[in-house]
S.K.: 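Sharing a structure here in structure tokens format.
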Amino acid sequence: RNVHAKQAMHMLLTGDLISSEQAVAYGLINKAVSMDTLEAETMMLAKKVASKSNYAIRLGKDVFYKQLQCDDLKDAYELTTERI
């Protein structure tokens, strides 16, 4: 679902590897970093998430995954509005 049908079909039919820049552009990953900064970037993200309220994180994840199951955008918005 994250990858546009054209890119998905291209990857499926060709088996070509894609670059980290392409993975970002396709929405497969959020960010690409060099191996030199990977650990520092990972720790920075982990600390940022860990600094947030456990309740807020749990609520956000719950709503996020439930809205993915909605058949249309209107239902997803309504669910999210009710929960948050």
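Heavy atoms only: backbone and side chains are in, while hydrogens, waters and symmetry mates are out.
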S.K.: A quick test of your reading: do over 12 heavy atoms of other residues, nucleotides or ligands sit less than 6.0 Å from CG of Asp71?
M.R.: no
S.K.: Let me confirm one number: the CG-OG distance from Leu28 to Ser20, rounded to the nearest 0.5 Å.
M.R.: 11.5 Å
S.K.: Grab the two heavy atoms, one from Cys70 and one from Leu79, that are nearest each other, plus how far apart they are.
M.R.: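 Answer, listing the atom of Cys70 first, then Leu79: SG-CD2, 4.2 Å.
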S.K.: Run the side chain to side chain contact (heavy atoms under 4.5 Å, CB included) check on Lys6 and His10 step by step: do they pass?
M.R.: CA-CA 6 Å; Lys6 289 179 183 180; His10 178 84; over 6 Å; no
S.K.: I'd like to know whether CG of Asp72 has more than 12 heavy-atom contacts from other residues, nucleotides or ligands below 6.0 angstrom.
M.R.: yes
S.K.: Would you confirm whether Thr37, through its side chain, and Ala40, through its main-chain N or O, come within 3.5 Å as a donor-acceptor pair?
M.R.: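 A pair under 3.5 Å: no.
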S.K.: Do the non-hydrogen side-chain atoms of Met44 and Lys48 ever get within less than 4.5 Å of each other?
M.R.: no
S.K.: Are side-chain heavy atoms of Met11 and Val3 found at a separation under 4.5 Å?
M.R.: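 They are in side-chain contact.
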S.K.: Is the shortest side-chain heavy-atom distance between Arg83 and Gln67 below 4.5 Å?
M.R.: no
S.K.: Within a 6.0 Å radius of atom CG on Leu13, are there more than 12 heavy atoms belonging to other residues, nucleotides or ligands?
M.R.: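 Correct, the count exceeds 12.
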S.K.: State, yes or no, whether a side-chain contact exists between Glu78 and Lys74 at a heavy-atom distance under 4.5 Å.
M.R.: yes
S.K.: Return the NZ to CG distance between Lys61 and Leu59, rounded to the nearest 0.5 Å.
M.R.: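 Result: 12.0 Å between the selected atoms.
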S.K.: Roughly how far, to the nearest 0.5 Å, is CG of Asp62 from CD1 of Ile57?
M.R.: 13.0 Å
S.K.: With clusters built from Ile, Leu, Val, Met, Phe, Trp and Tyr whose side-chain heavy atoms come within less than 4.5 Å, directly or transitively, what are the remaining members of the cluster of Leu73, listed by chain and number?
M.R.: Tyr77
